[in-house]
There are 2 protein chains.
Amino acid sequence: MSSSEIGRPALGRPGPGEDGRKAILDAAARAFARKGYFATSIDAIADELGATKGRVYHYYRGKAEIFLDVVVTGMRDLIAAVEPISARQDAGPGERMYQMAHLHASMMMLRNHAQRVSVQAIEMRSVAEIAIHQDVLADVFALRRRYEQIFIDVVEEGVRLGDFAATDSGLVVKSALGALNWIPIWYAPDRTPLDVEKVADTFARFIVNGLKGS
Amino acid sequence: MSSSEIGRPALGRPGPGEDGRKAILDAAARAFARKGYFATSIDAIADELGATKGRVYHYYRGKAEIFLDVVVTGMRDLIAAVEPISARQDAGPGERMYQMAHLHASMMMLRNHAQRVSVQAIEMRSVAEIAIHQDVLADVFALRRRYEQIFIDVVEEGVRLGDFAATDSGLVVKSALGALNWIPIWYAPDRTPLDVEKVADTFARFIVNGLKGS
DNA sequence: GTCTATATCGAGATAGAC
DNA sequence: GTCTATCTCGATATAGAC
């Protein structure tokens, strides 16, 4: 996990000013979520913030750093929310998987900006500006692998207990997370006035049923 | 469907030279799939083609046009492959859904370049260069809606027949297509030496089970 | 810490030779 | 039809005033 301990900013210039950085992060998340990494200029982020470029460059060395900080923060939030559920002893794998999927789906809708940016990031491996930051990228990959493993462990426990049908656990987890990660791509809080709870419940039930088999 | 009748190029300068255009389309699909729309320069497309910018601009007015042509072509291919299955009379909804999902998954892997680009396109609605082409964008949306409707119809037939559990058919189709559309994001023919048939089968079974309920 | 210039440069697009 | 210049401009990033 090296450079991404909880609480420490993953990137950005050193020194204090945690609140200033946070405001930039939020503004950037909204801007990136709306237009994507390349179509979002630093000026656009500054506008969203109600400031000018100067402020942004005071806290961050460049656009790629801001982007990656949004991504890492979003992934940490997701893991911090979902991981505890996977370890609960009072529920079986089916019930835990339902709750994990339900919460993941909810986060995709309620924390839409940051999660949408995290999804974008997956396709940016090969972009030079981003690829430069090998260290942070390594953290991002590690976080993603760790998150997938949480789901894989629950699936395999379910298979052992006979609650889930036997299959390739890595692949079914990719199916399940694909369905969930796709949500930010079509869900837009303003254009799609859908009931968050209903969507989360439908997705979570679909996933658990898919794992149980027929 | 206006400007996108089958056989006619959706975009590009008028006149003959269908083969020249096709070669550009393939090269562009590979380049866009690798780096994404913005990180791919016209020079990079020309390189991939083994030519220079001049050739590209002879056939297309600009980068956005090439991109959208790749997208429309990819979506037409997908629909042309999957739609016939939905209409088959010799199989029930469960079996047809399995085959549709199986084929969709296979296309995501075997026609990886074009499909990866189509997935990218969904996030590009709001990008100015792309948004200019209202007419082609309308076609893209229509194609996507039509494709979703194919799946929705099969789901609703399955629910009527009691083969599938009753739910919001639009939402479960978004789950299913999310799982499938996510494939190009993690599947890379070179990095992921996975058995296409096995992946397609696992995904299709997961989806059909998810629809059947428990 | 925050702002207003401004340097710099990559890339889309065009003109015109061959 | 295909190429090689070349124009042009937007956006990153910096310098330095306040």
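Reminder, nothing fancy here: chain letters follow the sequence lines and each chain counts from 1. Only heavy atoms go into these numbers, but all of them, side chains included; no hydrogens, no water, no symmetry mates.
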Over how many whole Å does the gap from [X] atom [atom1] to [N] atom [atom2] extend?
{"X": "B:Leu49", "N": "D:dT2", "atom1": "CG", "atom2": "P", "answer": "9 Å"}
{"X": "B:Lys53", "N": "D:dT4", "atom1": "NZ", "atom2": "P", "answer": "11 Å"}
{"X": "A:Asp43", "N": "C:dT4", "atom1": "CG", "atom2": "P", "answer": "11 Å"}
{"X": "A:Lys63", "N": "D:dA11", "atom1": "NZ", "atom2": "P", "answer": "9 Å"}
{"X": "A:Arg61", "N": "D:dT14", "atom1": "CZ", "atom2": "P", "answer": "9 Å"}
{"X": "B:Lys35", "N": "C:dA11", "atom1": "NZ", "atom2": "C1'", "answer": "15 Å"}
{"X": "A:Ile42", "N": "C:dC3", "atom1": "CD1", "atom2": "C1'", "answer": "16 Å"}
{"X": "B:His58", "N": "C:dG16", "atom1": "NE2", "atom2": "C1'", "answer": "15 Å"}

Answer yes or no: does a side-chain N or O of B:Tyr59 lie under 4.0 Å from OP1 or OP2 of D:dT2?
yes

Kindly say if A:Thr52 contacts the phosphate of C:dT2, meaning a side-chain N or O under 4.0 Å from OP1 or OP2.
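Answer no for this pair, as no side-chain N or O of A:Thr52 is under 4.0 Å from OP1 or OP2.
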
May I ask you to check whether A:Tyr147 and A:His104 place their ring centers less than 6.0 Å from one another?
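Yes, ring centres under 6.0 Å apart.
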
Within the side chain of [X], is there an N or O that forms a donor-acceptor pair under 3.5 Å with the backbone of [Y]?
{"X": "B:Thr192", "Y": "B:Pro189", "result": "no"}
{"X": "B:Tyr59", "Y": "B:Glu18", "result": "no"}
{"X": "B:Lys174", "Y": "A:Tyr187", "result": "no"}

Counting side-chain heavy atoms from C-beta on, which of D:dT2, C:dG1, D:dT4 comes nearest to B:Arg55?
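Minimum distance to the B:Arg55 side chain belongs to D:dT2.
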
Report which part of the nucleic acid B:Gly20 touches: base, sugar-phosphate, or nothing (heavy-atom distance under 4.0 Å, all strands).
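Touches nothing.
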
